[in-house]
Amino acid sequence: MKKKSIHSFDKFLRKLFPLCRSLSGEMNRKTLKILQEIIPLKIKEIESKTKVFDWEIPLEWNIKEAWIKDSKGNKIIDFNENNLHLVSYSIPIKKIISWPELKKHLHLHKEISDAIPYRTTYYKKDWGFCVTHKQFELLESLQGDYQINIGSELKDGSLSYGELIIKGKSKKEILISCYICHPSMANDSLSGVLLAAFLADHIKSFSNQYWTYRFIFVPETIGAIAYCYLNKNKLKDILMGLVITTVGGPGSFSYKQSWEKDHVINKVIEEVLKEEKKDFVVHPFDIHGSDERQFSSPGFRINMSSLFKDKYYEYDAYHSSLDNLELVNGEQINETFELYKKIINKLEELVFFKSQNMFCEPMLSKYDLYPKIGGSLIPNNKNSDYISNILWLMFYCDGTKDLLSISREVKVEFKELLIIAKILKSKNLLEQL
Ligand code: ZN
């Protein structure tokens, strides 16, 4: 079984790695279509220029070829050799230019001389090439002008994204998000896309999962914003979520806490890492990062965490041509995959109740839950524990705090609280989510 999933990760890494993905375009569609070989993903489109909150869907970008030739017609830099050579969303251009002009449009990796850096120009009409230090020196040493050709197209089209909703017993949902906008890099973000797809496939194999799972495959930032815009009301049913990215490096595990550090999603991830005896680093919530910024913004406030193996920003090859299939492999992704499966198991065990009497405490005697003779209740006896537990439950069950967290908070055994919660449910004081 383990071998089989490693093999599948490797197979799809090889298939998807070469595609030049971006915010939009045919290669994003192709990526989503290939993911349909794993899961029945719905591919959806949102038209260019659609306003989504404070943003606008950009024109659709497609690219056929891009190169720099010397004055004799020799190709020195070729997009077909590595799609990172071209700054993503470069405008079409075909002209002959001088070295000083070309130089302004060349990008180098600051630390690693033989890496091609990853650059984008999504919201500024510009163009550029990314090269190694050696290629830069070669270009500089050439005599004469340079022929530049960028065979790109920016048109009124659409932005594509994928969605899969796996219905559970509860209408409450877990959101799982990943981004499909990076060209040929393996850890960021392809490893996360594949892990998310195989995790969806794994959950689909459950016959009776409790939560509903919403998987989305969107270009980062604009795609997540567009998704939030289109699904504003549906996101109200989301209890918490995971942003899956950079999960396939050779390095160590770490996790980024959701915006409320005491939220159960963080505890679940930390428990899994400890139970599996993994060394790990904790990254507190930070406003930089991935799409948790959108889902956790004030209008949504969804707690989103991420478990990584070589987190973005933290590994040398990040955003460069060295983030490739020599760095990332199926075995490494599978290690993280096993942890994510355990996270899902724990999420499935969580129990949430919500008070049906949210404003002030209920009058317990009306429900036959309180001693009939006033004054007979003395704190710290058995009878009062029962009443206290009812009061604690009615106090904490606002639908955001799970029962296990409440039991830890009030230091009462989970099983005992569950029995009382079920009594309160039978009296319509609590609703199970
Ligand atoms: Zn990135």
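Values in this document were obtained by computation on a predicted structure and should not be read as measured data. Both counts, for ligands and for their atoms, begin at 1 and track the order of listing.
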Exercise. Going by heavy atoms in the side chains, are W211 and E173 under 4.5 Å from each other?
Worked result: no
Exercise. Got an N, O or S from D188 under 2.8 Å of the Zn ion (ligand 1)?
Worked result: yes
Exercise. What N/O/S atom of H182 gets nearest to the Zn ion (ligand 1)?
Worked result: NE2
Problem set entry | Matching residue for Y229 among F300, F53, Y161 - test: ring-ring contact (aromatic ring centres under 6.0 Å, His included) | F53
Exercise. What is the name of the N/O/S atom in H319 that sits closest to the Zn ion (ligand 1)?
Worked result: NE2
Problem set entry | Plane angle bin for Y179 and H182 - parallel if under 30°, tilted between 30 and 60°, otherwise perpendicular | tilted
Exercise. Can you tell me if S306 uses its side chain to pair, donor with acceptor, with the backbone of V243 under 3.5 Å?
Worked result: yes
